[in-house]
Amino acid sequence: MGRIIASGMWRQHVTRQYEPHEIEEKWQAVWDAEGLYSVTEDPDKPKKYVLEMFPYPSGDIHMGHVRNYSIGDVVARFSTMNGHSVLHPIGWDAFGLPAENAAIKNATHPAKWTYANIETQAASFRRMGFSYDPERMVRSCDVDYYRWGQWIFLKFWERGLVERKKSPVNWCPSCKTVLANEQVIGDGVCWRCKSVVEKRDLEQWYFKITEYAQELLDDLDTLPGWPERVKTMQANWIGRSEGAEVDFELCGAGGEACGQTITVFTTRPDTLFGCSFFLLAPEHPLVSELTAGTGYAADVQAVVAATARETAVERASGEAEKIGAFTGRHVVNPVNGEKVPVWVSNYVLMEYGTGAVMAVPSGDQRDFDFARKYGLPIPPVVVAEDDPLINELSGVHSRVANDVPWAEAYDGYGVMVQSGEFTGLQGGKASEGMKAVTGWLAERGQGRFSINFRLRDWLISRQRYWGNPIPAVHCPSCGLVPVPEEQLPVVLPMEVDITKGETLADHPEFYETTCPKCGGAAKRETDTMDTFTCSSWYYFRYCDARNSAEAFGRDKADYWMPVDQYIGGIEHAILHLLYSRFFTKVFADMGLTSAREPFTNLLTQGMVKKDGETMSKSKGNVVAPEDMVARYGADALRAFILFMAPPDKDLDWNQDGLEGMFRFLTRLWRYVEGAAGAGSAAAPAEDPAAKALLRERHRVVGKVTADIEAFGFNTALSAMMELLNAAGDYRKTVPADARDVALEREVAETLVLLIAPFAPHMAEELWREVLGGEGSVHRQSWPAHDPALAAADEVEIVVQVNGKVRAKLTMPATADDATVREAALALPKVIEHLEGLTVRKVVVVPGKLVSVVATA
RNA sequence: GCCCGGGUGGCGGAAUGGCAGACGCGGAGGUCUCAAAAACCUCUGUCCGAAAGGGCGUGUGGGUUCGACUCCCACCCCGGGCACCA
């Protein structure tokens, strides 16, 4: 293997240069042949499931992939070396719209495009040296996989978690399909293509994730290994509000009671006495019923029409001007019998609560603005204790004030006024007043304690071809009928010509079928499932990827699940992570798993940017990992991207440092080659230079170990550089015949083991070929360290006088405080700075410093 | 508006309340060489100083402490998330 390098030839200097390409491809082949990364359930070892998020087969890999999968690979290899049985699989989230778009553009089939991309990407991952178990690879567009997605759908249906209903839904005009709420991001745009979404009234399939809203919220507390920020985002998204439902009786057109009630949800029942009008959403079904044929119909219809014209962005952003119209009707306030007018306004959303709102302008800014605009009363009911109004209204039970001198509503805590028997109680969110009023209403059957969630059910049907067909049949006589389990899979037909814009709905061969129940002619459902359904359970499939009888075996899942370390981008903080938690909870309730949460620890890695912008083809600022691998090898690239920044931070790609990482690896290579000999030269036992190097070796092993455990890959690599620097200094400063050869060899071995998770190819070459190690470096035990050996026997102590460093002192590590203090005060420099001053206080920090406080 | 992050040399970044700037990049000078590359060595926050040495310095202003990048209060800036949610 060794070769004579050109520049060294005349010196007779035989050495091997670090040639990443030769060794990387060589070891990739060896690892495959040896089946190094195949894993089975080993009852004798602690298990560890390390997983990076399911990649979409977009074609080329990008730097974000390199970062994500490099992090996972270090964690996986490190865990293996630390005695764990490690599951580290990969697969592809292979259904989805980009395949259709690409197929249209290239006049091919989505399947062809997808499988070709998977091959390309798999080759790139292999080229990076990632340690995936090849036997567990999963592709979500394979029938073997998606049939179980259909099975899950049927099981969800059995459990009452599937619903088909008509409601206003998000429609992406560019993707030509509906989207779930979670998939509308930012200012009302599609998560994938960033087009502004529209609202359409359509009948669609839903998973009832709201049934699990409370548990999804509560169990966030069982995830200490998740970033706070992700948990906060999920909690906000679920949006739990405690309050009350209040029934208002509707009056007839003549003002008389008509027996019909309208219920509202409010978080502030304590402000009920301040309700001066009542609002309906423009989409509320009662609106036309109440106004049809009356003199109010025209104005109300104008508001309804204007609201319908607002874009989703305007409506959602709260920037739209509040408009409204009186319906001519009234409702009765249950607490005081007062009749309040019913208005229609664009700021009331049909999707939240009941689509009807009791308006309390003194306590809610939106109601306040509306009241001011339309000249409606603003009676104060909860007044801050330091508000001048309190003098006038404190203890006043009945309504005397119908307006406030305030510029805005007050929604904080305060004293209830003008509130009948509740006057004087504390008002505010979750206050005693709120509880008292709710209790009063409940006793009379006019209200009840209630919890409202912002979370909506998950819309899972998609009007696209390249997805998992929904296993359902529409029968003219039986209605919606699930495809019987034994008839699965519903195979996605390949004959659909996507280049002509065809979908399943264009294929009678697909949709013409018979009803499983009555045997009559029926139509198969032609919508496919949201691809997020595929990625919501793939981590279960990895546990038992080749099972043809079940989605996964419970024994296998119970061995591996939950995922111990999940790694992926923050962009899935809600989407994929919420859906996966939901699936896992349903699986647990189905008895398929004992895990109630899928991911114990979550690392959200930051984005890889270029010049502060996300890399994209359209910006032309994409840095191709392949180019970097071609120049410096996969090892240098992997190590460098981890060295650049802590994993959770965004990083700005800058190639300059990559060269530096390559230099480090080259130096490491040379050092190990030079120190590999098992020489026998006995070194002086008490040589301080040798002791220092040994100490550094133990310190660095301790630091690298702790750093990897805390995802401090950048500082772990820094520490390895420090050890190599120390080893280089030892070699430079100690003459060859005085060197401790055994120590140098130990340091070399240590460095090879430490670098193995980061630069797996190089470590393997050095381990097997240079150090002559037995078996793969990746199957070795992680190096041990002895804290006692890492401790210095002499310490340098800093001496401060009035907070400024004035001298340094070397003391035995065992010296007691009094000795250190005395030695410090005796230093000439210290005496000089204390001249004319009186020492007031001396602080001794063992092993660190002495701080002398002195004044004149 | 609300909720999270984050502001440290020329750059990426490091620092259980204890020498700010580890490690790396970049830069300057040097060794080797006919020369260059590579490699190696020295220096590299800033200001004053020939040096010794000293002053200043982690977004801003206060505070706690013998001692603050770190803890507390107020504010400024940057990034992200949420936002007519009743």
Side-chain angles (χ1 to χ4, degrees), chain A residues 5 7-8 17 185-187 227-237 239-241 243 264-268 271 279 281 314-322 345-349 351-360 363-367 369-370 411 452-455 570-571 573-574 606-607 612 640 643-646 648-661 663-664 666-667 670 703 712 714-722 724-725 728 732 796-808 840-854:
Chain A
I5 59 168
S7 64
Q17 226 173 340
I185 57 163
D187 288 330
E228 267 325 301
R229 140 169 113 117
V230 174
K231 289 191 278 186
T232 307
M233 283 165 75
Q234 290 214 354
N236 288 343
W237 186 262
R240 183 183 194 273
S241 294
V264 298
F265 173 77
T266 177
T267 54
R268 295 293 305 280
T271 63
L279 293 162
E314 286 165 345
R315 185 85 187 269
S317 69
E319 277 155 20
E321 164 89 14
K322 289 180 178 52
S345 175
N346 61 338
Y347 78 90
V348 180
L349 306 174
E351 302 91 71
Y352 187 79
T354 61
V357 172
M358 64 177 230
V360 181
D364 183 289
Q365 191 57 40
R366 295 157 298 173
D367 299 343
D369 296 342
F370 192 82
D411 62 4
N452 217 322
F453 292 95
R454 206 191 81 111
L455 182 71
I570 185 75
E571 66 273 17
I574 294 169
M607 284 189 293
F640 177 60
F643 181 68
M644 280 186 88
D648 55 329
K649 277 189 68 179
D650 284 355
L651 71 76
D652 211 322
W653 176 259
N654 176 354
Q655 197 178 314
D656 296 348
L658 181 53
E659 175 100 34
M661 182 55 69
R663 274 203 291 265
F664 165 65
T666 305
R667 281 198 299 135
R670 276 203 305 267
K703 177 157 175 61
N714 54 337
T715 48
L717 283 157
S718 293
M720 289 179 229
M721 290 172 182
E722 283 168 343
L724 181 61
N725 289 346
K732 271 169 235 147
E796 190 181 60
I797 290 172
V798 171
V799 185
Q800 296 183 342
V801 177
N802 286 335
K804 297 223 160 78
V805 179
R806 295 301 183 186
K808 287 173 187 181
R840 303 288 173 195
K841 190 175 178 181
V842 180
V843 181
V844 178
V845 181
K848 294 267 170 154
L849 63 65
V850 176
S851 179
V852 184
V853 186

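In what follows, chains carry the letters A, B, and so on, assigned in the order in which the sequence lines appear, proteins first and then strands, with residues in each chain numbered from 1. Basis for what follows: all heavy atoms, side chains included, without hydrogens, waters or symmetry-related copies.
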Worksheet item: Does B/G9 sit syn or anti, given that only angles within 90° of 0 count as syn?
Response: syn
Discussion item. What's the closest nucleotide to the side chain of A/R454 if the choices are B/A83, B/C4, B/A86?
Written reply: B/A83
Practice prompt. Among the candidates B/C25, B/G54, B/G18, find the nucleotide nearest to the side-chain atoms of A/R806.
Written response: B/G54
Response to the item:
Taking B/C40, B/C85, B/A14 as options, the one with an atom nearest any side-chain atom of A/R366 is B/C85
Item to complete: Report which part of the nucleic acid A/D656 touches: base, sugar-phosphate, or nothing (heavy-atom distance under 4.0 Å, all strands).
Response: sugar-phosphate
Worksheet item: Watson-Crick or G-U wobble partner for B/G79, using a 3.5 Å limit on both distances?
Response: B/C4
Fill in: Nearest-angstrom distance from the residue atom CH2 of A/W237 to C1' of B/C2
16 Å
Worksheet entry | Side-chain donor/acceptor contact of A/E351 with base of B/C85 under 3.5 Å | no
Item to complete: Go ahead and name the base partner of B/G12; Watson-Crick or wobble counts if both distances stay under 3.5 Å, otherwise write none.
Response: B/C23
Worksheet item: Taking only N and O in the side chain of A/T715, is any of them less than 4.0 Å away from OP1 or OP2 of B/G13?
Response: no
Worksheet item: Taking A/N802 for the side chain and A/A854 for the main chain, is one N or O donor matched with an acceptor at less than 3.5 Å?
Response: yes
Response to the item:
Whole-Å distance, A/I574 CD1 to B/G81 P, equals 10 Å
Worksheet item: Among the nucleotides B/C56, B/C19, B/C66, which one has an atom lying closest to any side-chain atom of A/V805?
Response: B/C19
Worksheet item: What integer distance in Å separates A/L724:CG from B/A39:C1'?
Response: 14 Å
Discussion item. What verdict does the side chain to side chain donor-acceptor pair (under 3.5 Å) test give for A/N236 and A/R454, after you've listed the backbone C-alpha separation in whole Å, the side-chain angles of each residue and the deciding distance to 0.1 Å?
Written reply: CA-CA 8 Å; A/N236 288 343; A/R454 206 191 81 111; over 6 Å; no
Item to complete: Sort out the partner of B/A74 for me: Watson-Crick or G-U wobble, both distances under 3.5 Å, none otherwise.
Response: B/U60
Worksheet item: Heavy atoms under 4.0 Å, any strand shown: does A/E659 hit a base, just sugar-phosphate, or nothing?
Response: nothing
Item to complete: Using atom CG of A/N346 as one end and atom P of B/C85 as the other, report the distance to the nearest whole Å.
Response: 13 Å
Discussion item. Under 4.0 Å, counting only non-hydrogen atoms across every strand here, what does A/S241 touch: a base, just sugar-phosphate, or nothing?
Written reply: sugar-phosphate
Item to complete: Assign each of A/G239 and A/K808 to its nearest nucleotide of RNA chain B by heavy atoms, then name whichever residue's nucleotide is nearer the 5' end.
Response: A/K808
Fill in: G-U wobble or Watson-Crick pairing nucleotide for B/U42 (cut-off 3.5 Å, both distances)
B/A28
Fill in: Minimum-distance nucleotide to A/E722 side chain [options: B/G24, B/A22, B/C85]
B/A22
Item to complete: Answer yes or no: are there more than 12 heavy-atom neighbours, outside A/R240 itself, under 6.0 Å from its atom CZ?
Response: yes
Worksheet, complete the sentence: Taken to the nearest whole Å, CG/A/L849 to P/B/C19 is 7 Å
Worksheet item: Taking the six-membered ring of A/F370, is NZ or CZ of A/K322 closer than 6.0 Å to its centre and within 45° of its axis?
Response: no
Item to complete: Measure across A/R268 and A/M358 and return the closest heavy-atom pair with its distance rounded to 0.1 Å.
Response: O-CE, 3.8 Å
Worksheet item: Which part of the nucleic acid, if any, lies within reach of A/E796 when heavy atoms closer than 4.0 Å are counted: base, sugar-phosphate only, or nothing?
Response: base
Practice prompt. Measure the distance from CH2 on A/W653 to P on B/G13 and round it to the nearest whole Å.
Written response: 14 Å
Worksheet, complete the sentence: CD of A/E722 to CG of A/L717, rounded to nearest 0.5 Å, is 11.5 Å
Discussion item. For a quick test of reading the model: is some side-chain N or O of A/R663 closer than 4.0 Å to OP1 or OP2 of B/C25?
Written reply: yes
Practice prompt. Using Watson-Crick or G-U wobble geometry with both distances below 3.5 Å, tell me the partner of B/A68, or none.
Written response: none
Item to complete: Can you figure out which of B/G24, B/G80, B/C66 approaches the side chain of A/R667 most closely?
Response: B/G24
Discussion item. Could you tell me how far apart A/M607 (CE) and B/G12 (C1') are, to the nearest whole angstrom?
Written reply: 17 Å
Fill in: Contact summary for A/D367 and A/V360, nearest pair of heavy atoms
OD2-N, 2.9 Å
Practice prompt. Indicate, yes or no, whether a donor-acceptor pair under 3.5 Å links the base of B/C19 to the side chain of A/K848.
Written response: no
Discussion item. Once you apply a heavy-atom cut-off of 4.0 Å, does A/K231 come out as touching a base, just sugar-phosphate, or nothing?
Written reply: nothing
Discussion item. Does A/N452 reach a base, just sugar-phosphate, or nothing at all? Heavy atoms under 4.0 Å.
Written reply: nothing
Discussion item. Heavy-atom nearest nucleotide on RNA chain B for A/M721 versus A/F265: which residue maps closer to 5'?
Written reply: A/M721
Worksheet entry | Candidates B/C23, B/C4, B/C66 - which lies nearest the side chain of A/S851 | B/C66
Worksheet item: Expressed in whole Å, how much space separates the C1' atoms belonging to B/G17 and B/G30?
Response: 42 Å
Worksheet item: Sub-3.5 Å donor-acceptor pair from the side chain of A/D650 to the main-chain atoms of A/M607, do we have one?
Response: yes
Discussion item. Taking 4.0 Å as the cut-off, does a side-chain nitrogen or oxygen of A/N714 come that near to OP1 or OP2 on B/A14?
Written reply: yes
Practice prompt. Tell me what A/G660 touches on the nucleic acid: a base, only sugar-phosphate, or nothing, going by heavy atoms under 4.0 Å.
Written response: sugar-phosphate
Discussion item. In whole Å, I'd like the distance from the NZ atom of A/K732 to the C1' atom of B/C41.
Written reply: 8 Å
